[in-house]
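Note sheet for the following structure.
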Amino acid sequence: MPVKPRKILVSNALPYANGSIHMGHLVEYLQGNIWIRFQKLRGHQCTYICASDVHGTPVMLKARELGISPEELTEQVSAEFLRDFSDFGIEFDNYYTTHSPENEALVGEMFETLRANGDIYTKTIEQAYDEKEGMFLPDRFVRGTCPRCGTDDQYGDACENCGATYTPADLIDPISVLSGSTPIKRDSEHYFFRLSQYEQRLRDWMQSAALEKSVLAKLEEWFETGLQDWDISRDAPYFGFRIPGTDDKYFYVWLDAPVGYAASFRNLCDRRDDLDFDEYWRPGHDTELYHFIGKDIMYFHTLFWPAVLQGAGFRTPTSVFAHGFLTVNGQKMSKSRGTFINARTYLDHLHPAHLRYYYAAKLGPTIEDLDLNLDDFAARVNSDLVGKLVNIASRCAGFINKRFDGQLATELHAPELHATFADSADEIAEHYERREYSKAMRVIMALADEANRYIDEQKPWVMAKDEAQLGAVQAVCTQGINLFRSLMIYLTPVIPGVADDARAFLQEQHWHWDDAKTPLLGATISQFKPLLTRVEPEQISNMVKQSKQS
RNA sequence: GGUGAUGUAGCUCAGAUGGUUAGAGCGGCGGACUCAUAACCCGCAGGUCGGUGGUUCAAUUCCACCCAUCACCA
C-alpha cells in the first residue's frame, strides 16, 4: 500500500552542554529516534536535527572552572555527546550547536521583528547580585534558609523540603554559591516578551496541534493562572548572544535554544540541495515540524516557542510530543544507589539494542514516567529478543544452512500464515505513528509467539530424519525464516543494528516497510551467527557498581 | 502550599463509555520436546482493580474525601 510521501522535520530536545548523557536522556533520544527511523523506513522524507545547547551561566562557570573558553568546553562536550548517541544508534541528519552564526542571525531576526511589532519592552527589575564576583546571580546560585519551613541550604527558587516557591530575596540568610558572600539587591534593565498578548493565538495553535490530553491539561492549568510576560535578557557576564544595540545585555539561553532547531536545519540546508529552509520554517507549506521533548520543558515549547515563532513570522510546530521521566527500580536515579547510569557506562557493559527494545516495550505517547526495573529489564530482553525473536531464525537457519546449502525454498509452506504477519503491518505502523511503541511491541511479540508455535507444530527436526520429507523441512524453515524477516523489518526502527545484521544474514541490500509483505524465496542466505546475546545478571551488577564509583 | 498525573496478580504493564468467571508477558509450579543462545510448546496457581464513604438495581470503572508516589509552579 503506497503511502503519500511526507516531508517531516523532527527535533530532539537540545542536550545542555554541562554533564554527560545518561539513561534518562536516552528515553528522549530513543523515543525520537525510533519515530524518525520508522518514518524513513516508510519512505517519507524525514530530517532529524539536534544540537548542543551551550549558552547560559552554568556553562560559562564550568568553563571558567576548567580554565578553558566556553567554546572549547562545549566542543569537547558535544564530541562526547555525539559518540554516545552514535553508539546507541541515534544518528542525526545534523548535530550542531546553538553558538553558531546561523543561530545568532535567526535570533537577531526574530528579535527585531518582535520588537518592530511591539512585542518587546524593557523594564527595570531588582535581582540578587554578587559583588565579589561582579555578576547577577540566577536563582539557583543563591542558597539560604526556606522562609516558610526553615530548612536551611535551599535553592533560591524553591524549597526541596516543603515545596514552597519564592524568589532569592525571600530566603533567610542568603549566600552566593559562587563566592559565599551575601548577595545584595541591584537594579537592572531587562527585555520582556509580551507573552500575555498571545493567549488566543496559543489556544488556536493548541487545537490544531492535536496535543496529548495530559499536555493539554497542563496548558489549561497555565492559561488559568494567566500568561506572564517573559524576561528574555540576562546581564553580562554571560555566555550567549549579545542583544543588538546593547553593550552588556544578552539573550537568555531559553530564547536562543529552540531557535537552535531552526539554525541546525539552516546549517544542514547549506549542504543539501534537496532541503529548502523556508519550506520548513515559513508559514504556508505542507511540511510537518515536530519536537520531541521532556515534560519538564513543556512550558518553553508549548507557550514561548509557538508564540515567538508566530510573532516573528515563522511557522509553528505541527505538534509537540512530550514524554515523562525515567525512574530506575521505581525510584529517582541516584548516584549512591548506582542507578545514575551514564550512557557510556551502560555501553561498557551492555548492548544498545537491549535498552532500545526495553524502552520501546514500555513507551507510550503520554507524559507518564517510565521505570527501568533492572531485573525486569534482563528478563524482558532475554525472553522477548533472544528467547522468542532471534530464536525463530536460530532454530530454522541450521536446517537451511546444513541440509540445503543455505538455499531457501521457492515457495512458502504456509502462505496464509505469512499473510497474517503482513496484515499486521498497518496496525503496527499505526502504533508507531502515534508513538504507542509498547503496543507495537506487544503485537510484534504476539506474532513471534505464533511463529514459534508454528515451528513447534511442524517439527522440522522430526521430518528431517526422513529423506522423503526433506522438501517439507526446507519449506517449513523457509517459512520460519520469512516470519522472522517480517518481524525484523517491523523492529528495524527499534533495533536497527540487529536488523542490519539480520538483513546481512539474509543477504539483502535494503529494507522498506512494505518488504515485510513480500516473502524472500529461492534466495541463498548466510551462515547464521547469534544476532544478540542474553543479558547476564553480572553485567548489570557490574554496571551498577561502576555507576556508584564514578 | 497550589495544580496536574499515577496507584490493577510476586515483577512490568493492558483494559473496562458502570453489568456474566478483570487480561497479557515475565517469574513460580507441573508436563512435553530436543531444531534452537537452559531457548521453544502445553497446562496450572496467583488479584475483595490504593483506602473510606456516596450515587446506583449494580462500581474496580462515576463523585467526594483520605493515603502513597511523581511532576510542574514560568
Side-chain angles (χ1 to χ4, degrees), chain A residues 139 146 148-149 157-159 161-167 193 195 212-222 224-232 252 254 294-300 302-304 322 324-327 329-332 358 361-364 366-403 436 438-439 441-443 445-446 448-465 473 476-477 480 484 528-536:
Chain A
D139 293 352
C146 169
R148 197 169 79 188
C149 72
D157 52 357
C159 173
N161 182 48
C162 72
T165 55
Y166 40 71
T167 69
F193 170 65
L195 185 68
E212 281 298 316
K213 263 197 305 202
S214 47
V215 175
L216 285 175
K218 204 74 203 165
L219 277 174
E220 197 50 52
E221 195 184 316
W222 285 326
E224 274 169 30
T225 318
L227 301 183
Q228 304 297 305
D229 290 342
W230 184 31
D231 182 352
I232 57 165
Y252 176 42
W254 263 114
K295 63 180 177 180
D296 53 326
I297 55 176
M298 271 168 44
Y299 203 89
F300 298 102
T302 57
L303 294 179
F304 295 143
F325 287 158
L326 181 75
T327 55
N329 293 338
Q331 294 181 292
K332 264 190 211 180
Y358 188 73
K362 302 189 80 168
L363 264 172
T366 68
I367 59 174
E368 273 182 57
D369 289 352
L370 185 157
D371 186 43
L372 167 59
N373 180 292
L374 293 173
D375 292 336
D376 181 55
F377 167 75
R380 186 77 179 261
V381 163
N382 288 343
S383 170
D384 286 2
L385 247 29
V386 182
K388 290 181 183 179
L389 179 76
V390 174
N391 187 233
I392 299 166
S394 179
R395 64 196 307 198
C396 293
F399 293 108
I400 297 291
N401 288 146
K402 285 177 212 147
R403 307 298 283 271
E436 295 272 15
S438 63
K439 289 186 178 164
M441 295 308 104
R442 231 177 296 141
V443 174
M445 283 308 146
D449 285 342
E450 240 179 279
N452 276 309
R453 218 173 292 135
Y454 163 80
I455 296 164
D456 214 71
E457 283 161 8
Q458 298 304 320
K459 305 195 189 332
W461 55 92
V462 174
M463 292 192 282
K465 289 170 185 158
V473 171
V476 165
C477 291
F484 167 76
F528 180 79
K529 281 175 274 185
L531 293 166
L532 206 55
T533 54
R534 301 168 62 80
V535 172
E536 300 298 338

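Everything numeric in this text was worked out from a predicted model, so none of it was measured. Letters A, B, ... are given to chains in the order of the sequence lines, protein chains preceding strands, and every chain is numbered from 1.
- With C70(B), C35(B), C40(B) as the candidates, the nucleotide lying closest to the side chain of K295(A) is C70(B).
- Residue-level contact check: R453(A) touches the backbone only, with heavy atoms under 4.0 Å from sugar-phosphate atoms and none from bases.
- Annotation: U20(B) and C35(B) have their P atoms spaced 48 Å apart (nearest Å).
- Checking C40(B), U12(B), U37(B) against the side-chain heavy atoms of D376(A) singles out U12(B) as nearest.
- At a threshold of 4.0 angstrom between heavy atoms, the contacts of V462(A) with the nucleic acid are absent.
- Ranking U12(B), C40(B), C70(B) by closeness to the K332(A) side chain, first place goes to C70(B).
- If you check C13(B), G25(B), G4(B) against the side chain of K218(A), the one that comes closest is G4(B).
- Here the separation of C26(B) from C44(B), taken at their P atoms, is 15 Å to the nearest Å.
- Picking from C33(B), A39(B), A71(B) the nucleotide with the shortest atom distance to the side chain of R534(A) gives A39(B).
- Within 4.0 Å of L532(A), counting heavy atoms only, lies at least one base atom of the nucleic acid.
- Closest to the R442(A) side chain, of the nucleotides U37(B), C40(B), A14(B), is A14(B).
- Within the shown strands, A5(B) is the pairing partner of U69(B) under the Watson-Crick or G-U definition, both distances less than 3.5 Å.
- Closest to the side chain of F325(A), from the set C35(B), G15(B), C72(B), is C72(B).
- When the C1' atom is compared between A59(B) and U55(B), the two are found 10 Å apart, to the nearest whole Å.
- Residue Y358(A) places its side chain closer to U12(B) than to any other of C41(B), U12(B), U37(B).
- Using a 4.0 Å heavy-atom criterion, one finds that G398(A) contacts no nucleic acid atom at all.
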